[in-house]
Amino acid sequence: MQRTWKDIFKDYNTQQPIFKNKDALSDRYVPETVCHRDEQMKHVAKIIAPAIKGDKPSNVFVYGNTGTGKSLILVYITNEMARNTDKARVLYVNCKMKRVSDTEYRLLAELARQLGRDLPATGLPTVEVYKTFIEALEAEGKTVILILDEIDSLVKKTGDGILYNLTRLDQDLSKSKISLIGISNDTSFADGLDPRVKSSLSEEEIIFPPYNAAQLQDILLQRALLAFNDGVLGEGVIAKCAALAAQEHGDARKALALLRIAGELAERENLLGITTADVDSAEDKLDLDRVVEVVKAQPKQSQAVLAAAIRLSESGQKNIQTGDVFSVYEDVCKSSGIKMLTQRRISDLIAELDMLGIINSRVISKGRYGRTREIRILLGKNVLDKIKASLKDSYLLG
DNA sequence: GTTAGTTCAGTTGAAAGCAATATTATCGGCTAC
DNA sequence: AGCCGATAATATTGCTTTCAACTGAACTAACGA
């Protein structure tokens with residue numbers, strides 16, 4: 001029987017064979033308990049405990065790669081603490097959020113907003129915002145723990161002046177106290193800071209090591225129980241996700257993404273269970289998305305060079321050299337009307353594409369016949385197709 | 001057969017031009033004194 | 001007068017071009033046994 005598109009919606013509503021609660025696999029989900037971070041949790045708890053009695057905890061600096069549970073644990077513990085006392089208040093800001101908290105003004109405005117003060121998006125002098133913020137803090141009359149997530153991006157954008165001000169804020173407060181928790185995934189971040197900021201911000205430091213495969217497996221298992229219906233998970237699915245993510249700096253976020261996408265793929269195929277094959281496809285998809293994103297993010301010129309290289313390799317030519325790419329590139333430029341760059345620059349662009357792992361090139365000397373880069377394209381077929389499609393969209397190929 | 005020299009087809013590095021972006025300086029309007 | 005936001009002026013940055021030196025093995029030719 002031919003099924004119409006309406007059936008797809010109907011199916012989606014009525015039957016949910018795979019997922020019970022997909023949110024459990026999202027990276028914002030805060031689970032009941034957290035695995036394999038006992039040491040870090042104890043450390044954090046010990047540091048912020050004074051806040052329960054209304055004292056000021058030390059400032060903390062938290063380091064760790066992406067997907068090592070930094071944000072999760074900080075949010076988890078501080079929430080837990082806030083439940084147990086009315087003497088403390090937690091403010092959480094992700095400094096990377098565009099147009100919300102990526103400048104001094106916006107950050108302060110956002111904080112004040114969290115404390116119930118409304119501030120216009122622009123217009124007020126920065127000092128005024130500071131005043132409002134301090135006033136709001138005072139009105140709170142509690143120990144305020146300020147979590148600055150992805151603090152490195154804030155500092156990179158706006159300098160460490162804000163941090164300096166924030167660390168000194170305490171002196172202007174009489175009824176309230178404030179302590180800072182900075183979260184960064186760049187370990188060398190603190191080196192570039194003003195020494196005064198550095199010393200006062202990193203009174204305590206906590207490092208989150210990457211998860212190993214076994215730990216990832218526990219985490220996945222815990223989430224999988226919540227996320228999936230009984231019996232849909234095939235043998236070895238979780239182990240495979242864990243192993244793949246462990247290879248890549250023990251990133252739990254990636255592990256969860258793999259599992260989620262594997263589930264989505266199985267669901268889309270109307271399968272009743274998830275198999276390790278789905279995990280493989282999920283990895284392909286993640287990989288593919290990554291590469292395609294990278295290509296799309298490249299400047300036009302770089303894409304044109306890639307288009308030229310692809311065209312050459314499609315035409316079956318072996319041993320593609322810089323000169324070949326350059327002359328095809330000239331055609332590409334002419335037909336798509338973009339400005340032509342010099343051979344010199346193309347040479348560099350090819351080297352860049354090589355760095356990105358999109359193409360493979362190496363310098364070889366061909367003796368009497370000079371010296372050049374030999375270029376090969378090493379993308380899988382479906383990745384290549386997607387890239388070609390995207391290049392066609394921008395009229396570089398066709 | 002060896003050795004020294006050539007040659008090709010780019011590679012690589014430095015310096016400088018140029019445009020876009022970010023930072024700083026300046027100006028006019030507004031409030032507070 | 002002092003301060004704000006807006007605008008103009010300046011500095012920084014990133015990309016690109018120009019110039020020029022450099023590369024390294026295939027190829028050649030001269031050398032010596």
Side-chain angles (χ1 to χ4, degrees), chain A residues 95-110 112 117-135 152-165 172 186 192-194 197 294-313 315 317-334 336-377 391 394 396:
Chain A
C95 308
K96 214 172 186 173
M97 301 259 277
K98 289 250 154 45
R99 276 175 272 288
V100 176
S101 45
D102 57 352
T103 69
E104 183 172 18
Y105 182 97
R106 287 176 187 147
L107 177 68
L108 288 168
E110 171 63 22
R117 303 298 166 103
D118 214 16
L119 286 168
T122 62
L124 291 176
T126 319
V127 182
E128 199 66 30
V129 188
Y130 261 111
K131 248 194 245 157
T132 314
F133 178 50
I134 290 173
E135 193 188 297
D152 41 343
S153 72
L154 177 70
V155 170
K156 209 158 64 191
K157 257 220 191 86
T158 65
D160 50 13
I162 308 173
L163 294 183
Y164 183 68
N165 290 336
D172 299 338
D186 178 3
L193 287 177
D194 184 323
V197 175
V294 169
V295 170
K296 277 190 184 154
Q298 287 307 299
K300 265 268 170 323
Q301 293 292 350
S302 195
Q303 291 188 15
V305 174
L306 179 61
I310 289 177
R311 216 151 91 180
L312 274 169
S313 92
S315 71
Q317 181 168 351
K318 286 280 162 203
N319 304 331
I320 305 169
Q321 295 174 218
T322 307
D324 305 332
V325 174
F326 183 62
S327 55
V328 177
Y329 160 83
E330 286 180 310
D331 294 345
V332 172
C333 285
K334 267 177 212 146
S336 63
I338 53 179
K339 206 180 121 198
M340 241 195 295
L341 300 182
T342 355
Q343 197 278 121
R344 173 72 181 83
R345 186 86 252 275
I346 302 308
S347 184
D348 280 351
L349 288 180
I350 291 173
E352 276 170 33
L353 287 171
D354 180 41
M355 286 290 225
L356 290 168
I358 298 170
I359 65 176
N360 183 287
S361 78
R362 62 202 177 96
V363 183
I364 50 165
S365 185
K366 293 160 76 70
R368 160 86 174 63
Y369 304 106
R371 205 165 132 77
T372 184
R373 278 202 174 80
E374 199 169 82
I375 297 157
R376 269 178 308 147
I377 294 179
L391 290 176
S394 37
L396 296 174

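Keep in mind the model is a prediction, meaning the values are calculated, not measured. Numbered from 1 within each chain, the chains take letters A, B, ... in sequence-line order.
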Run Arg311(A) and Asp331(A) through side-chain contact (heavy atoms from CB on, under 4.5 Å) and show every step you take. CA-CA 11 Å; Arg311(A) 216 151 91 180; Asp331(A) 294 345; 3.8 Å; yes
Smallest heavy-atom separation, Asp354(A) atom then Asn360(A) atom, equals OD1-CA, 3.5 Å
What contact category does Gln301(A) fall into here, base, sugar-phosphate, or nothing, at under 4.0 angstrom with non-hydrogen atoms? sugar-phosphate
Rounded to whole Å, CD of Gln298(A) lies from C1' of dC15(C) at a distance of 14 Å
Distance-only, no hydrogens or angles: does the Glu330(A) side chain make a donor-acceptor pair with backbone N or O of Met340(A) under 3.5 Å? no
Nearest-Å distance for atom pair CE/P, residues Met340(A) and dT17(C): 10 Å
Does any donor-acceptor pair link the side chain of Arg371(A) with the base of dT23(C) at a separation under 3.5 Å? yes
Gln303(A) CD - dC15(C) P separation (whole Å): 15 Å
Candidates dC27(C), dT17(C), dT12(B) - which lies nearest the side chain of Ser347(A): dT12(B)
Does Gln343(A) place a side-chain N or O at less than 4.0 Å from the phosphate oxygens OP1/OP2 of dA9(B)? no
For Asn319(A) and dG10(B), what is the distance between atoms CG and C1' respectively, to the nearest whole Å? 16 Å
Separation of dT12(B) C1' from Ile346(A) CD1 (nearest whole Å): 16 Å
Can you tell me how far apart OG1 (Thr322(A)) and CD (Glu374(A)) are? Round to the nearest 0.5 Å. 10.0 Å
Please confirm whether the backbone N or O of Arg345(A) pairs with a side-chain atom of Asp348(A), one donor and one acceptor, at under 3.5 Å? no
Is the phosphate of dT12(B), meaning OP1 or OP2, less than 4.0 Å from a side-chain N or O of Arg345(A)? no
Between CD1 of Ile375(A) and C1' of dT11(B) the distance, given in whole Å, is 13 Å
Taking the nucleotide of DNA chain B with the nearest heavy atom to each, does Arg344(A) or Gln321(A) sit closer to the 5' end? Gln321(A)
Expressed in angstrom and rounded to an integer, what is the separation of Phe326(A) atom CZ from dG10(B) atom P? 10 Å
For DNA chain C, the residues among residues 353-368 of chain A that have a non-hydrogen atom under 4.0 Å from it: Ser365(A), Gly367(A), Arg368(A)
Are the side chain of Gln343(A) and the backbone of Gly323(A) linked by a donor-acceptor contact shorter than 3.5 Å? no
Tell me the closest heavy-atom pair linking Lys339(A) and Tyr329(A), and the distance in Å. O-OH, 3.6 Å
Take the protein atom OH of Tyr329(A) and the nucleotide atom C1' of dT16(C), then report the distance between them rounded to whole Å. 10 Å
